[in-house]
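Worksheet: one structure, shown below.
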Number of protein chains: 2
Amino acid sequence: MNGKAASGEAAQVATRNRLERGRGALGPALELVHTGRAPTRAVLTSELGVTRATAGAVAAELEALGLIRVEPGAAAGAQGRPSHRLVVADDGPVVLAAQVHADGYRAALVGLGGTIAATAPGCETIDADPAQILGSLVEAGVELLEQTGRRCVGAGLAVPSAVAEPEGQALNPLHLAWPVGAPVREIFAERVRAAGLAGPAFTGNDVNLAALAEHRHGAGRGSADLLCVATGHRGVGGALVLDGRLHTGSSGLALEVGHLTVNPEGRPCYCGSRGCLDVEADPLAFLTAAGRAPGPEVSLLKESRELLTHEYDDPAVRAAAAELIDRLGLGLAGLVNILNPDRIILGGLHRELLAADPERLRAVVADRSLWGRSGGVPILPCTLDHNSLVGAAELAWQPVLDDPLGALAG
Amino acid sequence: MNGKAASGEAAQVATRNRLERGRGALGPALELVHTGRAPTRAVLTSELGVTRATAGAVAAELEALGLIRVEPGAAAGAQGRPSHRLVVADDGPVVLAAQVHADGYRAALVGLGGTIAATAPGCETIDADPAQILGSLVEAGVELLEQTGRRCVGAGLAVPSAVAEPEGQALNPLHLAWPVGAPVREIFAERVRAAGLAGPAFTGNDVNLAALAEHRHGAGRGSADLLCVATGHRGVGGALVLDGRLHTGSSGLALEVGHLTVNPEGRPCYCGSRGCLDVEADPLAFLTAAGRAPGPEVSLLKESRELLTHEYDDPAVRAAAAELIDRLGLGLAGLVNILNPDRIILGGLHRELLAADPERLRAVVADRSLWGRSGGVPILPCTLDHNSLVGAAELAWQPVLDDPLGALAG
DNA sequence: TCATTTTGTGCCGACACTAAACAAACTCAG
DNA sequence: CTGAGTTTGTTTAGTGTCGGCACAAAATGA
């Protein structure tokens, strides 16, 4: 390596570094429009903390990229010259979002702003071979892309399992009959590549992605320290969104909240302890507490919902709900003591439990977390219809949000 | 407000925003030198990801500010032109670092690089009035500054209590006889101002600050997701350093780890539960388990250390250590499941317990955390002598690290 | 109709950094 | 001892982003 090459190498590092940082205010601006926090150029100006000139130029560039549109028709009423509105382009690029859950799987195209542009007919069975399912999902996505004629800039997948970083194996796909440690991220990426789809492919845990979606477009908007807890079938999942970024820990295993002790005299757990959140506050625990042995072929979540909404008068159901609320509350209090979130969002059965008796849950959490200050953390139900799916899309949008120019060009 | 003023206001926001971001690579460069990760301009170049020209200019500017020095005398040996060394200026500015603990308090001057430049004689008693103690600490600092003639650019204080954000009240100064909720941050800042010291004043929890110090200068260097757990007197403290920044949660109460359940059949805790980490793994629990009722006037930590180092042959002591290791391990495993850190650092008595039987502790944590992957997290003893004190200094240095030009000028 | 208010745009300059060529200081081989 | 090779430091010119400012545009209201 001679002197010239060495000098060139340093410059190359510098350039790569600059490109990785993303260029200027383009990314932040797109993120603001994407999350609905910049309805006009005027608020874009103040949110970005730049001058009107810069905000105008940035908006023009994003429009030129086909990502947003600047619409003259403004809702006036206030004094001064009315702002043009900034809206997500409804014919802009989309990402392929895919989700696998206990009872089936589905694919969709999602545009900026978290809007679902097209959905493939969902499937209600689960194959034991992940490659099979992920292949079908990508196929369905390709079909949707052909039908709509829109450009694809990435793909995201949500799976009901912890996803190890950085390789992306599914570590505990407990209710999928998938092999433990299946390299789902790699399989999905390979299928996406094979299908000729443009853009990178991402894979994450469904509760994590649901949390991300709720933070961007749902009940978590504006939170700096968001805790999500949810249960869908068996076990309890958690997620943390810090400053708008998913916190997955050093190897993707953070927020595995299922083994917090919430009942010292509780049933034994497969982890070796007893009274874990996983076995004390999931749909199976609820049905068992209510004295309803679940049938073999039913969805535990659906059955639980049914009970809570239509048979809440039954004292046994009511008592079971109260018991689960107490257990869940203890678990949440433990998490509050460790994480001190500014908001908690509940999904799945936990959402229904919150709806059934919000006061009881809030009281338990306040009572068992250390100070009223943190005990007073708001506990809200999730608000998005398909939050894991939208979250998978968020994952795929992230490179575009970080550096629109680079992601759409490269 | 006329048109010109409005335009001026937008520009003002933009300017403030730019100043807050800090100018260019100055801050990152100083941080690299500060933490010992940039011994020469060559590695500064690659670490910053800029060209040699930029790195050179940045180093020159930091030298002009009196913060670092560029020394020609280099340890050669390698090929090519030898680098000059970048070292912290030994006559540069300092910050006042102060610490209050269960058995006394002390003050020191700390320079860049975490080096203690001067220490005031420590005091071994604790007054019930925080204003009294904090006043003495600031006085001691002023004296040190006069003796050494160095410039002061800020002050930091470590207290053995959770510190509420954003106001800075001491929420649980359990073993200080201070009033609960005392506005220590405000009191300290007021004393610093009254003494005529330049620069802002900061206050934080001692375990948090110890973690910060270990991350910058000790066993935590290079960690992206560092968990610290320590016990000094009564109760157990925790801290988390994410990407080099202290994670204190939304109101400063994160990592209050003392109420994790680690022994379902354990002793009752003041929180209403039983078998909490706080009452199962602190020095008092150790002494009790070893059958040594602590004298009224001794330091629980010193007494415990004494036992562990000089009476470890005693079966009762050995059994007590094993019991505490098991309890601590369960607590750490719970934290690993929730936080998934890439490293754990133990301080106070926990450090001695780790030294007494490292294999036992590691085995418990690996056994009870969910996957071997995260169970294999390294558990290390803390390595700095006065890590809370150095951490308090880090707090005070932070504005300088973020924007050297702005902090030293304003 | 005109003053007032707010938003949008064009132009210039400041500033930080890249890029590239050159100079300097060492090692190592012969 | 000399020169090739290698790495580091410096100089100069150039580029791109964004602040600062003046002016234009589009509404409200007396």
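So that the names make sense, note that chain A is the first sequence line, chain B the second, and so on, each numbered from 1.
The bend of the helix from C:dT1-D:dA30 to C:dG30-D:dC1, defined by the angle between the axes of its first five and last five pairs, stands at 0° to the nearest 10°.
Taken from CG in B:L67 to CG in B:L62, the straight-line distance is 6.0 Å, to the nearest 0.5 Å.
With B:L401 as the fixed residue, the side-chain contact (heavy atoms from CB on, under 4.5 Å) test singles out one of B:L26, B:L30, B:T35: B:L30.
Here salt bridge (charged side-chain N to carboxylate O under 4.0 Å, His left out) pairs that include residues 25-46 of chain A, with residues two or more places apart or in two chains, number zero. Judged as a salt bridge (charged side-chain N to carboxylate O under 4.0 Å, His left out), the pairs with a partner in residues 239-252 of chain B (not counting sequence neighbours) are, in order, B:R245-B:D402.
If you check the side chains of B:E394 and B:H217, you find a donor sitting under 3.5 Å from an acceptor.
A pairwise comparison of heavy atoms in A:A189 and A:A201 identifies CA-CB, 3.8 Å as the closest pair.
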If you restrict it to nitrogen or oxygen atoms, what contacts under 3.5 Å exist between nucleotides 9-13 of chain C and the protein, and what is each distance?
unit_1	atom_1	unit_2	atom_2	d
C:dT9	OP2	A:R41	NH1	2.8

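Here the side chain of B:V50 is nearest to one of C:dG8, C:dT18, C:dT27, namely C:dT18.
Listed by chain and number, the residues in a side chain to side chain contact (heavy atoms under 4.5 Å, CB included) with A:P39 are A:V43 (sequence neighbours excluded). Residues meeting the side-chain hydrogen bond (donor to acceptor under 3.5 Å, both in side chains) test with B:S250, sequence neighbours left out: none.
Between B:T54 and C:dA16 there is no side-chain N or O to OP1 or OP2 distance below 4.0 Å. Using a 4.0 Å cut-off, some side-chain N or O of B:T51 falls inside it from OP1 or OP2 of C:dT18.
Summarising the geometry, the separation between CD on A:E71 and C1' on C:dT7 is reported as 17 Å, rounded to the nearest angstrom.
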